[in-house]
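Throughout, protein chains are lettered first and strands after them, A, B, ... in sequence-line order, and every chain is numbered starting at 1.
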There are 2 protein chains.
Amino acid sequence: MKTIADIARLSGVAKSTVSRYLNGGSVGELTKKKIERVIKETGYIPNTFAQSLKAKKPNIIGTIVPRLDSYATSQTLIGIDEQLRELNYQMLISNTSQDLDREIENIYTMARQKVAGIILLATQITDTHIEAFQQLQIPILLVGQQHQAVYSLIHNDFEAGYDIGKYVIAKGHRKIAYLGVTEQDIAVGVNRKKGFTKAIQEAGDCEVKYYETSFKMAEAIKRVPDIIDKFNPSILVCATDNIALGALKAAHLKGINVPDHLSITGFGGYEVTEIIHPSLTTVQFFYKEAGQVAAQSMVKLINSEELAPIILSKYKIIERESVDNLLSGKL
Amino acid sequence: MKTIADIARLSGVAKSTVSRYLNGGSVGELTKKKIERVIKETGYIPNTFAQSLKAKKPNIIGTIVPRLDSYATSQTLIGIDEQLRELNYQMLISNTSQDLDREIENIYTMARQKVAGIILLATQITDTHIEAFQQLQIPILLVGQQHQAVYSLIHNDFEAGYDIGKYVIAKGHRKIAYLGVTEQDIAVGVNRKKGFTKAIQEAGDCEVKYYETSFKMAEAIKRVPDIIDKFNPSILVCATDNIALGALKAAHLKGINVPDHLSITGFGGYEVTEIIHPSLTTVQFFYKEAGQVAAQSMVKLINSEELAPIILSKYKIIERESVDNLLSGKL
DNA sequence: CTGAAAGCGCTTACAG
DNA sequence: CTGAAAGCGCTTACAG
């Protein structure tokens, strides 16, 4: 590998001159030509490590994700990437495969790589996280979860849960099964459910049962038949689209018509929910936009600009075919 | 930010001693204790740039992907990531958003960051690519596409196309619409189709029409109705699962029963293809495994070990509900 | 416009 | 076991 010294020697100038050429400083025409030629010939590529060692202004932002194979993650990542590129930052992605220890580890590794800041697509925030954040002293932005100790961008899970609750009630459903996830996940497991519960309580006179399942389709497919047999709700309100998709499959497998005999709703707004038959009524979150906002916010943080400690991302209920209107008076 | 010099000063030893402590060299018990304390107190984190500048043995491997929101990409990435971690390498992901210029640019950027090698989830290989590869002189591995100038890991598109062709024929289909993609994509656009065509030719006496669409579901949804109206095939052989999913949706929209009135097949083995109704008969590729093999191969390349220029990844036809057996004699 | 020199934060022989 | 010194490849005042 060639170094700047080689280029300098080969073109008969000083290293500083080559460096200036590289960084757009003032260099004479002839000198420029010579250096240009040598660089082309040798295929010289500057060593970023050496550059960063001096420059000291890192322009790379780390993003830590719990998994790569999720619509929410991909979309958020795309949003972050797009925006960061526009703001002249580079993104470094690190995957934890849903392993919290690895997550902590990755936070330290990224800090060691001198990222300008870390965007964490969070699932749970533990004390170890907070400790790491405090120790590191670099800008941290949580996406998807919130914590008072650090800046957060969240989807408005509570409101969204509340709205879907109201919606379901408005459609005449009174016997409702809510398929949630672990309460360790504050955003999905707690807030969505809380919002939903509030709507139900306001409505009064409902029979609701809460179930807990995982984020995996397969588990929903297994759980749902039993729920139907034992509780027989008119609707399944699922805390994620994946769960809803699993529920839909389970219903098909049991020969239950959706929405005529059973309604189903999801959360997320995954692309496939529109493609399937029946298409799924769900709460759409704007992951890509959230990613963009996350990127912008992170850059603000880096530049020590003002930023609200909690940023709320929007959502929208998408009415499709999977919910029956019990009040429509049809047969 | 603290440096190794600070730690040395604070613990009253030389920088070299701290460095040795950090890298597991021989250090006296007392010295060790002192340094340990200071590091804990200060929250010192070594600067990787400075480390890399000396060490010279990069352990980070770059992966360039055309898009983040695809099943194939995520799965491959997961496989690469897992395997790399096991082999003590780190993965750096860079997304090009299907922009070839950006792809080239990213190749150079990664080289500048001194990655040990680059895994490229390729779509098209142009002369500019080859030029970059030659210029860079670092190990490159193509995944998904092949090119004689560089090592490649590909899915066996030709064979897979051939097999699905045989399968379709075996089910009695003779009036077939093949929905392919641009021939600029050698793997998907050319090889799958070629394999399929070979099977058809061997069967003889078939009416086949070839159509070209994009990788987007939405476009398939738009194209398919017209194909049905004008050609009315008994089966739609789609070059990707996304196209098949779009076709399925289009059929639903038209009120056409799949598979009774129209059969559909895909390529890919995406998770949703199993969940939807009817579930989709498709060719499953093993993306995650391919990613693992890619990671292993890359490390071999880095260590200058032997490697076959073309590695074939496996596939499997998954029979599900979307294909009707015209020969079964049912009504 | 150009060059010599110092320094970024670390590691690694080499002495002791 | 420990330290002084050189060096990794670059950048950046500072002179000229």
**Report entry** Rounded distance (Å) that lies between atom P of D/dC1 and atom NZ of B/Lys34
**Finding:** 15 Å
Report task. Return the value, rounded to whole Å, for the distance between atom NZ of B/Lys2 and atom P of C/dG9. Result -> 12 Å
Report summary line: Exactly one of B/Ile119, B/Leu307, B/Val143, B/Ile302 clears side-chain contact (heavy atoms from CB on, under 4.5 Å) with B/Ser297, and that residue is B/Leu307
Requested in this report: Could you walk me through whether B/Arg37 and B/Glu41 pass the salt bridge (Lys or Arg N to Asp or Glu O under 4.0 Å) test, one step at a time?
Outcome: CA-CA 6 Å; B/Arg37 233 195 67 230; B/Glu41 276 172 10; 3.2 Å; yes
Query raised in the report: Are A/Asn106 and A/Thr96 close enough, and set up right, to give a side-chain hydrogen bond (donor to acceptor under 3.5 Å, both in side chains), and what steps lead you there?
Result: CA-CA 8 Å; A/Asn106 284 352; A/Thr96 68; 5.7 Å; no
Report task. Rounded to the nearest angstrom, tell me the gap between atom CZ in A/Phe49 and atom C1' in D/dC10. Result -> 13 Å
**Report entry** Per A/Ser26 side chain, nearest of listed nucleotides D/dT2, C/dC1, C/dT11
**Finding:** C/dC1
Query raised in the report: Using 4.0 Å as the upper bound for N to carboxylate O, is an ion pair formed by A/Glu29 and A/Lys32?
Result: yes
Report summary line: B/Leu53 CG to C/dC8 C1', in whole Å, measures 9 Å
Identify every side-chain donor-acceptor pair in residues 80-92 of chain A under 3.5 Å, counting partners at least two apart or on other chains, and give the distances.
unit_1	atom_1	unit_2	atom_2	d
A/Asp81	OD2	A/Arg85	NH2	3.0
A/Asp81	OD2	B/Asn95	ND2	3.2
A/Glu82	OE1	A/Gln292	NE2	3.0
A/Gln83	OE1	A/Gln296	NE2	3.3
A/Arg85	NH2	B/Asn95	O	2.9

Requested in this report: Nearest whole angstrom, please: distance from the C1' of C/dA6 to the NZ of A/Lys15.
Outcome: 10 Å
Report summary line: Per-residue pairing states of DNA chain D in dot-bracket (Watson-Crick or G-U under 3.5 Å; . unpaired, | other strand) read |||.||||||||.|||
Query raised in the report: Counting side-chain heavy atoms from CB outward, which of D/dC10, D/dG3, C/dC10 is closest to A/Ala50?
Result: D/dC10
Report summary line: Rounded to whole Å, the CG-C1' distance (B/Leu30 to D/dT2) equals 13 Å
Query - Any A/Asn47 side-chain N or O less than 4.0 Å from OP1/OP2 of D/dC8 - result: no
Report task. Please report, rounded to the nearest Å, how far the P atom of C/dC10 is from the CD1 atom of B/Ile4. Result -> 5 Å
Query raised in the report: Given D/dT11, is OP1 or OP2 found less than 4.0 Å from the side-chain N or O atoms of A/Ser19?
Result: yes
Report summary line: Of the listed C/dA4, D/dG9, C/dC10, the closest approach to the A/Arg20 side chain comes from C/dA4
Requested in this report: Evaluate the ring planes of B/Phe285 and B/His155, with Trp represented by its six-membered ring, and classify them as parallel (under 30°), tilted (30 to 60°) or perpendicular (over 60°).
Outcome: tilted
Query raised in the report: For the side chain of A/Tyr44, counting heavy atoms from C-beta on, which of D/dG3, C/dC10, D/dC10 is nearest?
Result: D/dC10
Query raised in the report: Do A/Leu77 and A/Val65 have side-chain heavy atoms sitting under 4.5 Å apart?
Result: yes
Query raised in the report: When you match B/Ala5 and A/Ser16 each to their closest nucleotide on DNA chain C, which lands nearer the 5' end?
Result: A/Ser16
Query raised in the report: Contact class for A/Thr48 vs. all strands (heavy atom < 4.0 Å): base, sugar-phosphate, or nothing?
Result: nothing
Query raised in the report: So, is B/Gln51 close to the C/dG9 phosphate, meaning a side-chain N or O under 4.0 Å from OP1 or OP2?
Result: no
Query raised in the report: Please give, in whole Å, the distance from C/dC1 P to A/Lys32 NZ?
Result: 8 Å
